[in-house]
Number of protein chains: 2
Amino acid sequence: MVLINRKDLIDLFHENGYKVTPQRLAIFECIMGRRDHPSASEIHSELKREYPTISQATIYNTLHILRDIGAIQELGFEDGKTRFDPDTSIHVNLVCTACGKITDFTDEDLVKAWIGMVEKTAKKTVGQRLDLYYKCTHCSRMVSE
Amino acid sequence: MVLINRKDLIDLFHENGYKVTPQRLAIFECIMGRRDHPSASEIHSELKREYPTISQATIYNTLHILRDIGAIQELGFEDGKTRFDPDTSIHVNLVCTACGKITDFTDEDLVKAWIGMVEKTAKKTVGQRLDLYYKCTHCSRMVSE
DNA sequence: CTCCTTATTTGTAATTATTCTAAAGTAATA
DNA sequence: TATTACTTTAGAATAATTACAAATAAGGAG
Ligand SMILES: [Mn+2]
Ligand SMILES: [Mn+2]
Ligand SMILES: [Zn+2]
Ligand SMILES: [Zn+2]
């Protein structure tokens, strides 16, 4: 699921008993606006331009709320950072193992197979994560030079 | 790919120019022996029984070597810990979001669809991660009680 | 088998992403 | 507009991981 407009997000905050603040809207729109699954510190850096006093605590609080209400997905990585994805539907994250760049990819046949697999496990799923690790063209060039 | 016997691992160390030490073998066999994708600190706790002076630095050094030579896969999680999987093949990790328990699941149709999807991306993959998040029966009981 | 060289292990300190705390600020309601 | 509870903020605390240098031991040569 991907929230498209601000009103849906505001409704989602209200439905869950959260107040709407400029920081909360800006944090979500930052994640939505970039297509690269940013980390908390990347979000903080970007938003300090518009909100010079915004604190890390607000970034983390908001990210956890957004995750809890289902607006984003949190992805832990081996470097100890977690990154945030505004698309919570079944899709593949193409992750460059050299530079960390992430792009999304969707494949209908894979989605069908995934849903079939979930049925076989007979488990009530609450989410999923499908990563494909590779070296992006930029990083592939690096090594050969 | 799953390494089954100690000899294969020793060969893999030698092929990659690493010395074979009791600690290195024990760490790998600890991960292989349990089926739950342990964290570094869980491995450390377990091995301190057999090697009372084994240090965290050795655990981390060895885990990174095992990952680099392809004997295990490292899985970062949102709680900041990373966990280690001795199965590097295409398979699904069933992850309980309440207690963190992980079990493996394999589905041939899904594997085929995954391979088909990789071909469509036209990328040379270096690995993958497929997680299904759910609540295990034990943790489901907790909330209803 | 013994010696030597060098990689490995160890204990500890340093780093860093994340979480906690409490004071100050503000959204929502009437 | 006044009230109140929720939110934001700055900074301190926490915890997983990494860095470091001294002690140890694997593996090869003799
Ligand atoms: Mn994504
Ligand atoms: Mn697994
Ligand atoms: Zn790259
Ligand atoms: Zn559980």
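All heavy atoms count here, side chains included; hydrogens, waters and symmetry mates do not. So you know, we letter chains A, B, ... as the sequences are listed, proteins then strands, and number each from 1.
Each of B:Val20 and A:Ala57 was assigned the nucleotide of DNA chain D with the nearest heavy atom; the assignment lying further toward the 5' end belongs to A:Ala57. Heavy-atom distances to DNA chain D give each of B:Ala40 and A:Tyr51 a nearest nucleotide, and the one nearer the 5′ end belongs to A:Tyr51. If A:Asp79 and B:Ser55 are placed on DNA chain C by their nearest nucleotide, the residue sitting closer to the 5' end is B:Ser55. Along DNA chain C, the nucleotide nearest to B:Gln56 and the one nearest to B:Thr21 differ in position, and the one closer to the 5' end is contacted by B:Thr21.
Side-chain polar atoms of A:Asn93 and A:His91 form a donor-acceptor pair below 3.5 angstrom.
The separation between B:His44 atom NE2 and D:dA16 atom P is 13 Å, rounded to whole Å. One can place OH of A:Tyr60 at 18 Å from P of D:dT14, the figure rounded to the nearest angstrom. When the P atom of D:dT8 is taken as reference, atom CG of A:Leu25 falls 10 Å away, rounded to whole Å. The nearest whole Å value for the distance from the CD atom in A:Glu78 to the C1' atom in D:dT17 is 13 Å. Between A:Lys48 atom NZ and D:dA10 atom C1' the separation is 12 Å, expressed in whole Å. Atoms CG (B:Asn61) and P (D:dA25) sit 17 Å apart, rounded to a whole Å. When the P atom of D:dA25 is taken as reference, atom CD1 of B:Ile54 falls 13 Å away, rounded to whole Å.
Within the structure, every side-chain polar atom (N or O) of B:Gln23 is placed at least 4.0 Å from both OP1 and OP2 of D:dA25. Using a 4.0 Å cut-off, no side-chain N or O of B:Ser39 falls inside it from OP1 or OP2 of D:dA16.
Checking D:dT7, D:dT9, D:dT18 against every side-chain atom of B:His64, the shortest atom distance belongs to D:dT18. When distances are taken from the side chain of A:Lys19 to each of D:dA19, D:dT7, D:dA26, the shortest belongs to D:dT7.
Among residues two or more places apart in sequence or in another chain, the side-chain contact (heavy atoms from CB on, under 4.5 Å) test is passed with A:Arg24 by A:Phe13, A:Tyr18, A:Lys19, A:Thr21, A:Thr62, A:Ile65.
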query: Please walk me through it: do A:Thr106 and A:Val92 pass side chain to side chain contact (heavy atoms under 4.5 Å, CB included)?
result: CA-CA 6 Å; A:Thr106 304; A:Val92 179; over 6 Å; no
- prompt: Where do B:Lys120 and A:Asp109 land on the salt bridge (charged side-chain N to carboxylate O under 4.0 Å, His left out) test, with the steps shown first?
  reply: CA-CA 11 Å; B:Lys120 288 178 204 160; A:Asp109 293 334; 3.5 Å; yes
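Using a 4.0 Å heavy-atom distance criterion, A:Thr53 is classed as a sugar-phosphate-only contact. Backbone-only contact: A:Thr82 has heavy atoms under 4.0 Å from sugar-phosphate atoms and none from a base.
Contacts between residues 8-18 of chain B and DNA chain C, defined by a heavy-atom separation under 4.0 Å, are made by B:Tyr18.
Remark: A:Arg67 fails to qualify as a cation-pi partner of B:Tyr133 under the 6.0 Å distance and 45° angle criteria applied to the six-membered ring.
Here the side chain of A:Gln73 pairs a donor or acceptor atom with the backbone of A:Gln128 at under 3.5 angstrom. Remark: side-chain polar atoms of B:Arg34 are not paired, donor with acceptor, to backbone N or O of B:Ile43 under 3.5 angstrom.
The closest side-chain heavy-atom distance from B:Leu63 to B:Ile31 is below 4.5 Å. Put simply, the side chain of B:Tyr134 does not reach to within 4.5 Å of the side chain of B:Thr97, judged on heavy atoms.
On the nucleic acid side, DNA chain C contacts chain A at distances under 4.0 Å to non-hydrogen atoms, with the end points of that region at C:dA17 to C:dA28.
A salt bridge is defined here as a Lys NZ or Arg NE, NH1 or NH2 lying under 4.0 Å from an Asp or Glu carboxylate O, and A:Asp131 with A:Arg129 meets this definition.
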